[in-house]
Novice: 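Got a structure for you, written out below as structure tokens; questions coming shortly.
Here is the naming used below: chain letters follow the sequence lines, and residue numbers restart at 1 for every chain. Predicted, not measured: the structure shown is a model, and the values here were computed from it.
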2 protein chains.
Amino acid sequence: MARKTGSHSEITGPKVRAAALNLFARHGFAAVSMRQIAREVGVQAGALYLYTKDKQSLLFDLMRAHMDELLATWSARPQRATPLEQLEDFARFHIQFHLDRPDAVFIAYMELRNLSDDNFAAIEALRRQYEQELEKVLEAGHAAGVISVPDTRLATMAVIAMLTGVNTWYREGGRLSQEAVAGIYWDMVRGAVGA
Amino acid sequence: MARKTGSHSEITGPKVRAAALNLFARHGFAAVSMRQIAREVGVQAGALYLYTKDKQSLLFDLMRAHMDELLATWSARPQRATPLEQLEDFARFHIQFHLDRPDAVFIAYMELRNLSDDNFAAIEALRRQYEQELEKVLEAGHAAGVISVPDTRLATMAVIAMLTGVNTWYREGGRLSQEAVAGIYWDMVRGAVGA
DNA sequence: ACATTAACTGAACAATCGTTCAAATCCTAG
DNA sequence: CTAGGATTTGAACGATTGTTCAGTTAATGT
């Protein structure tokens with residue numbers, strides 16, 4: 001029978017994904033070799049192919065796992081009543097979720113062009129799905145008359161870009177806590193949508 | 001003596017930079033080979049080295065030229081009187097300038113990690129300089145009491161991220177003109193900074 | 001017409017790439 | 001203790017990488 005306890009594959013598999021995530025984020029997918037990943041894991045390059053079909057799948061799986069977790073975590077949150085409360089929740093959630101996973105976020109935004117056509121379409125669909133979550137909130141707010149934007153789609157893109165931008169400058173241990181940053185950004189989001 | 005008229009180097013040089021810009025933007029610096037660039041120019045790979053020291057310099061020169069032009073173009077604009085007018089000008093300028101050069105913008109944001117340490121520092125300094133231009137405007141607006149932000153630096157980063165985000169979705173010939181988009185974004189910027 | 005030089009070719013260099021696979025090693029079930 | 005599957009090694013494959021350079025081509029000033 002197959003080994004149950006102490007199986008190496010249950011240790012090496014996650015290590016491969018973790019090493020790939022870290023190296024892809026630091027140097028870019030195309031600039032990282034399978035041998036670099038293997039060295040980081042402490043294994044020969046050939047062994048990686050027990051855990052991934054090829055390099056492309058390694059990238060795609062990391063991206064899809066990230067997007068799946070993003071959508072699942074947002075959907076699992078308790079939903080508050082009013083559109084404005086929901087918008088605040090989205091802003092705070094987005095910042096916290098993204099600041100907690102800088103490497104995965106970086107890859108999901110920067111390595112889209114290294115995906116095959118099929119894989120790109122799949123990731124892009126998930127991203128659109130996430131954007132729809134915000135757009136639904138903005139539309140509800142618009143219908144309720146509590147926010148004022150001339151174009152819901154543009155406002156969606158503007159808010160997401162603004163929030164995701166935090167990842168480019170925020171550093172742990174800086175002068176502001178995550179919560180303080182989220183509070184300030186929530187104020188700016190509210191202003192941007194005229195609420 | 002050296003040839004003066006009809007010099008090929010005055011044609012091939014720009015063609016090399018244009019091809020590199022386009023290919024780097026489409027596939028990423030690390031994924032593009034010197035031979036691909038040469039093929040696009042219609043020349044053998046060895047000939048590229050008459051126009052660039054190496055591949056790294058090619059990337060760096062493209063980035064620095066972009067940042068230099070960005071700073072120079074902004075500085076050359078006539079400066080209006082009030083902070084709010086200056087903020088509006090910045091928002092409209094940023095969107096127009098960036099939408100007009102999607103490839104260069106893409107590279108300048110995505111390929112920073114492929115720069116050597118020295119080159120990275122140089123580009124980063126230029127970026128900081130550009131951010132300072134916006135921050136000065138926001139500080140002036142804050143001093144004049146016409147805008148209301150708890151943190152000028154955060155507002156700077158938020159506004160720039162929001163504006164640059166247009167490049168990720170805007171497509172020529174879409175349902176909105178550049179001017180219409182710029183107008184809507186200017187409204188959102190104004191709201192975000194409480195003006 | 002000739003000498004000069006810019007512009008480019010085409011081949012070569014060592015290094016590294018992603019991927020495969022037979023053989024070796026490790027660990028557990030029986 | 002042993003059989004057998006899980007796990008990994010280590011070498012090898014052809015292809016491609018950035019870069020160099022001696023030699024060829026083409027256009028110029030005199």
Side-chain angles (χ1 to χ4, degrees), chain A residues 1-21 23-24 26-63 107 111 113-119, chain B residues 1-21 23-24 26-63 107 111 113-119:
Chain A
M1 276 189 63
R3 275 181 281 186
K4 292 292 169 52
T5 65
S7 171
H8 282 193
S9 79
E10 287 167 15
I11 297 175
T12 309
K15 273 170 87 173
V16 169
R17 286 185 289 275
L21 190 77
L23 288 171
F24 288 167
R26 286 224 307 272
H27 307 112
F29 173 74
V32 172
S33 71
M34 295 300 272
R35 285 172 179 83
Q36 282 178 60
I37 299 173
R39 189 175 337 124
E40 190 93 352
V41 175
V43 102
Q44 292 291 325
L48 298 180
Y49 290 84
L50 295 171
Y51 305 100
T52 183
K53 190 173 141 307
D54 51 24
K55 198 188 176 192
Q56 166 76 202
S57 300
L58 191 48
L59 174 62
F60 175 66
D61 289 344
L62 289 174
M63 285 190 172
I107 291 173
E111 304 295 356
R113 58 187 166 181
N114 288 116
L115 291 174
S116 68
D117 290 349
D118 285 356
N119 288 345
Chain B
M1 277 190 64
R3 276 180 281 189
K4 293 291 170 52
T5 65
S7 171
H8 282 193
S9 79
E10 288 167 15
I11 297 174
T12 309
K15 272 170 87 175
V16 169
R17 286 186 288 276
L21 189 77
L23 288 171
F24 287 167
R26 286 225 306 272
H27 308 110
F29 173 75
V32 172
S33 71
M34 295 301 271
R35 284 172 181 81
Q36 281 178 61
I37 299 172
R39 190 177 336 125
E40 190 93 351
V41 175
V43 101
Q44 291 292 323
L48 298 180
Y49 290 84
L50 295 171
Y51 305 100
T52 184
K53 190 172 141 310
D54 52 24
K55 197 187 176 192
Q56 166 76 201
S57 300
L58 191 48
L59 174 62
F60 175 65
D61 290 344
L62 289 173
M63 285 190 172
I107 291 173
E111 303 296 354
R113 57 187 167 182
N114 288 115
L115 290 174
S116 68
D117 290 350
D118 285 357
N119 289 345

Novice: Calculate the interatomic distance between B/Leu50 atom CG and C/dA7 atom C1'; express it in whole Å.
Specialist: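 Result: 7 Å.
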
Novice: If you compare all heavy atoms of A/Met63 against all heavy atoms of A/Ile107, which two are closest, and at what distance to 0.1 Å?
Specialist: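 Minimum heavy-atom separation between A/Met63 and A/Ile107: CE-O, 3.2 Å.
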
Novice: Please pick, from D/dG18, D/dA12, D/dT8, the nucleotide with the shortest atom-to-atom distance to any side-chain atom of A/Ala47.
Specialist: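 Looking only at side-chain atoms, A/Ala47 lies closest to D/dT8.
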
Novice: I want to check one thing: is the phosphate of D/dT8, taken as OP1 and OP2, less than 4.0 Å away from some side-chain N or O of A/Gln44?
Specialist: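 For D/dT8, neither OP1 nor OP2 has a side-chain N or O of A/Gln44 closer than 4.0 Å.
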
Novice: Mind running side chain to side chain contact (heavy atoms under 4.5 Å, CB included) on B/Val43 and B/Val16 for me, showing each step along the way?
Specialist: CA-CA 10 Å; B/Val43 101; B/Val16 169; 5.9 Å; no

Novice: Between B/Ser33 and D/dT17, does any side-chain N or O lie under 4.0 Å from OP1 or OP2?
Specialist: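 The answer is yes; a side-chain N or O of B/Ser33 sits under 4.0 Å from OP1 or OP2.
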
Novice: Which whole-number value in Å describes the distance from A/Leu58 CG to C/dG18 P?
Specialist: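 Rounded to whole Å, this separation is 11 Å.
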
Novice: Taking OP1 and OP2 of C/dC8, is either one under 4.0 Å from a side-chain nitrogen or oxygen of B/Thr12?
Specialist: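 Yes, within the criterion.
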
Novice: For B/Val32 and B/Ile37, work out which heavy atoms get closest and say how close.
Specialist: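 It is CG1-CG1, 3.7 Å.
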
Novice: Contact class for B/Val41 (heavy atom, under 4.0 Å): base, sugar-phosphate, or nothing?
Specialist: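 The answer is nothing, as B/Val41 stays clear of every strand by at least 4.0 Å.
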
Novice: Separation of B/Gln36 atom CD from D/dG18 atom C1', in whole Å?
Specialist: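 So the CD-C1' distance, B/Gln36 to D/dG18, works out to 13 Å.
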
Novice: Using a strict cut-off of less than 4.0 Å between a Lys/Arg side-chain nitrogen and an Asp/Glu carboxylate oxygen, indicate whether B/Glu111 and B/Lys55 qualify as a salt bridge.
Specialist: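 Judged by the 4.0 Å cut-off on N to carboxylate O distance, B/Glu111 and B/Lys55 do not form a salt bridge.
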
Novice: Are the side chain of A/Gln56 and the backbone N or O of A/Ser116 linked by a donor-acceptor pair below 3.5 Å?
Specialist: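 Yes, the answer is positive, given that a donor and an acceptor are paired below the 3.5 Å cut-off.
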
Novice: Please state how far atom CZ in A/Arg39 lies from atom P in D/dG10, giving the value in whole angstrom units.
Specialist: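 Distance, rounded to whole Å: 15 Å.
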
Novice: What's the closest nucleotide to the A/Lys55 side chain, out of D/dT19, D/dT17, C/dT19?
Specialist: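 Of the options given, the side chain of A/Lys55 lies nearest C/dT19.
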
Novice: Round to the nearest Å and state the distance from B/Lys53 atom NZ to D/dG18 atom P.
Specialist: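 It is 15 Å, rounded to the nearest whole Å.
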
Novice: Nearest-Å distance, CZ (B/Arg35) to P (C/dA12)?
Specialist: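 In whole Å, C/dA12 P and B/Arg35 CZ are 13 Å from each other.
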
Novice: Please give, in whole Å, the distance from C/dC17 P to A/Phe29 CZ?
Specialist: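 About 13 Å, once rounded to whole Å.
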
Novice: Quick one: is B/Tyr51 getting a side-chain N or O under 4.0 Å of the C/dC8 phosphate, OP1 or OP2?
Specialist: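 For C/dC8, OP1 or OP2 has a side-chain N or O of B/Tyr51 closer than 4.0 Å.
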
Novice: Tell me the interatomic distance from B/Leu48, atom CG, to C/dA6, atom P, rounded to whole angstroms.
Specialist: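 Rounded to the whole Å, the gap is 19 Å.
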
Novice: Name the closest nucleotide to the A/Val43 side chain, picking from C/dC8, C/dT19, D/dT9.
Specialist: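 So the nucleotide nearest the side chain must be D/dT9.
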
